[in-house]
There are 2 protein chains.
Amino acid sequence: MKWDELDGMPCSVARSLAIVGDRWTILILRNAFLRTRRFDDFQAQLGITRHLLASRLAKLVKLGVMTKVAYQDRPPRYEYRLTEMGRDWYSVQMALVAWGNKWLAGAAGVPLEFLHQKCGHKFQPVTVCSECREPLDVREVTPTTGPGLRQRPNVTR
Amino acid sequence: MKWDELDGMPCSVARSLAIVGDRWTILILRNAFLRTRRFDDFQAQLGITRHLLASRLAKLVKLGVMTKVAYQDRPPRYEYRLTEMGRDWYSVQMALVAWGNKWLAGAAGVPLEFLHQKCGHKFQPVTVCSECREPLDVREVTPTTGPGLRQRPNVTR
DNA sequence: CACAGTAAGTTCTAAAATAGAACCTTGTCA
DNA sequence: TGACAAGGTTCTATTTTAGAACTTACTGTG
């Protein structure tokens, strides 16, 4: 399978991976959520090569996850900001953080903690059912074919 | 940065990526949640090369995400099952599915829908605050240094 | 007993992606 | 004029991945 076939697959995991399926892209988004906006700042914070950073940012812009905004005219300078689609990625990132916090923190404890301003509590991100707000367990979920999959029998997800 | 430095970073996103930071690994886990267990089944369903599949499964086993269980003795045959750590990955996968469903489904609609047996409803996965159960927005969350990060000032997350 | 089949890998070469460093462009400021 | 800044592009070397063939240890069939 070639990677540009991924976004045509009838599976939301595969399609998402076509966009964010490499480690650098996820780290770029992580730092974007920490308010990083400029090319050189991303480069310095991540240690990514300039070449890869340029190509990843261009891809994120092309796909609508970030936008390139001029912040001065001469010389022309740009910054990269999350779009609504990009901001929405936060739920995936926080799920990833929760998983890492739970399973990979080790004896020293978690690197970061989070305070929810809305309720005032320290919290962990939890992925729940939109209807009953209970945490999801694979054994309690039944997948069924959706409209995007009818009359296409070769499914994986 | 080399990729084996990732798991030592004081950031749960980076540490998680050290395990699941490539596309094949995430697709392997996806199919594991769809009850795939055997080498040849993973290979046929995913189209991954046998070489990569073997190395990815070995890594997942080594890191505790899956276990290799003998299901017959002669000839010895094994299957791969999710551990509790692996099952817990479901929340990340479902967050990914929700993001793909929302932003990448296109006109045809979402590929899969999900029924929650616990409450009987079709649902979308939502990442919420463990305390107040409200969906997370980056603008309402304040990250603070946790115990794993005290006296280590060079942070990204 | 030879022989086709099955499951789970390993080994090989070619192609693609990434790392690391240097270079380029357009402007400002001293 | 020359140094500096931001945002890239270009180059070669190294690492990863793709694709196909081969291996091993059995089993059941004629």
Side-chain angles (χ1 to χ4, degrees), chain A residues 1-9 14 17-29 31-32 35-63 66-81, chain B residues 1-9 14 17-29 31-32 35-63 66-81:
Chain A
M1 198 209 318
K2 307 230 176 73
W3 283 116
D4 44 353
E5 296 170 38
L6 263 184
D7 64 344
M9 290 179 72
L17 289 180
I19 297 183
V20 294
D22 71 288
R23 300 187 255 208
W24 282 126
T25 300
I26 293 177
L27 291 175
I28 289 167
L29 290 174
N31 283 38
R35 311 289 191 265
T36 301
R37 290 181 170 156
R38 298 189 184 175
F39 191 93
D40 281 16
D41 291 337
F42 280 112
Q43 202 273 318
Q45 290 164 21
L46 295 173
I48 187 177
T49 65
R50 308 179 69 79
H51 175 61
L52 265 201
L53 177 58
S55 90
R56 291 293 184 271
L57 286 173
K59 184 175 177 186
L60 287 170
V61 168
K62 192 181 81 185
L63 296 172
M66 302 189 87
T67 42
K68 189 173 178 174
V69 182
Y71 67 85
Q72 69 176 37
D73 281 343
R74 35 173 68 73
R77 291 286 181 267
Y78 305 95
E79 59 184 23
Y80 294 88
R81 295 179 180 233
Chain B
M1 199 209 314
K2 307 232 174 74
W3 283 117
D4 43 353
E5 296 170 37
L6 262 184
D7 65 344
M9 290 179 71
L17 289 180
I19 297 183
V20 294
D22 71 290
R23 302 188 254 207
W24 282 125
T25 299
I26 294 176
L27 292 175
I28 288 168
L29 289 174
N31 283 38
R35 311 286 192 268
T36 302
R37 290 181 169 154
R38 297 188 184 177
F39 191 94
D40 280 17
D41 292 337
F42 280 112
Q43 202 275 317
Q45 290 163 21
L46 295 173
I48 186 176
T49 65
R50 307 180 70 78
H51 175 62
L52 265 199
L53 177 58
S55 88
R56 291 293 183 271
L57 287 172
K59 184 176 177 185
L60 287 170
V61 168
K62 191 181 80 185
L63 296 171
M66 303 190 87
T67 41
K68 188 173 179 175
V69 182
Y71 67 87
Q72 71 177 35
D73 281 342
R74 33 174 69 75
R77 290 287 181 266
Y78 304 95
E79 59 183 24
Y80 294 88
R81 295 180 179 232

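Residue numbers start from 1 in every chain, and the chains themselves are labelled A, B, ... in the order their sequence lines are given, proteins ahead of strands. What you see below is based on every heavy atom in this structure, not just the backbone, and it leaves out hydrogens, waters and symmetry mates. Please read all numbers here as calculations on a predicted model, not as lab measurements.
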For this session: Name the residue closer to the 5' end of DNA chain D, choosing between A:E79 and A:R23 according to the nucleotide with the nearest heavy atom.
Result: A:E79

With a 4.5 Å limit on heavy-atom distance, are the side chains of [X] and [Y] in contact?
| X | Y | result |
| --- | --- | --- |
| A:K59 | A:I19 | no |
| A:F39 | A:R77 | no |
| B:R37 | B:Y71 | no |
| A:I48 | A:L27 | no |

Atom [atom1] of [X] and atom [atom2] of [N]: how far apart are they, to the nearest Å?
| X | N | atom1 | atom2 | value |
| --- | --- | --- | --- | --- |
| A:D22 | C:dT18 | CG | P | 6 Å |
| A:Q43 | C:dA21 | CD | C1' | 11 Å |
| B:K59 | D:dT16 | NZ | P | 10 Å |
| B:Y71 | C:dA8 | OH | C1' | 8 Å |
| B:L46 | D:dA18 | CG | C1' | 15 Å |
| A:L17 | D:dT17 | CG | P | 14 Å |
| A:R37 | D:dG7 | CZ | P | 13 Å |
| B:H51 | D:dA20 | NE2 | P | 16 Å |

Which nucleotide in the list [options] gets nearest to the side chain of [X]?
| X | options | answer |
| --- | --- | --- |
| B:W24 | C:dG9, D:dG7, D:dA18 | D:dA18 |
| B:A54 | C:dA7, D:dT27, C:dT10 | C:dT10 |
| B:T49 | D:dG19, D:dG7, C:dG20 | D:dG19 |

Problem set entry | Side-chain N or O of A:K68 closer than 4.0 Å to phosphate OP1/OP2 of D:dG8 |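 Yes, within the criterion.
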
Problem set entry | Phosphate contact (C:dT6 OP1 or OP2) by B:R38 side-chain N/O below 4.0 Å |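 No, no such contact exists.
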
For this session: Could you check A:D22, A:L6, A:D7 and say which one makes a side-chain contact (heavy atoms from CB on, under 4.5 Å) with A:L17?
Result: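 In the set A:D22, A:L6, A:D7, the residue that makes a side-chain contact (heavy atoms from CB on, under 4.5 Å) with A:L17 is A:L6.
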
For this session: Establish whether the base of D:dG7 is bridged to the side chain of A:R50 by a donor-acceptor pair shorter than 3.5 Å.
Result: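 Under the 3.5 Å cut-off, the side chain and the base do form a donor-acceptor pair.
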
For this session: May I ask you to verify whether the side chain of B:R77 and the base of C:dA7 hold a donor-acceptor pair under 3.5 Å?
Result: yes

For this session: Would you mind classifying the nucleic acid contact of A:Y80 as base, sugar-phosphate or nothing, using non-hydrogen atoms under 4.0 angstrom?
Result: sugar-phosphate

Exercise. Relative to the 5' end of DNA chain C, which residue comes earlier, B:Q72 or A:L52, by the nucleotide with the nearest heavy atom?
Worked result: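 It is B:Q72, whose closest nucleotide lies nearer the 5' terminus.
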
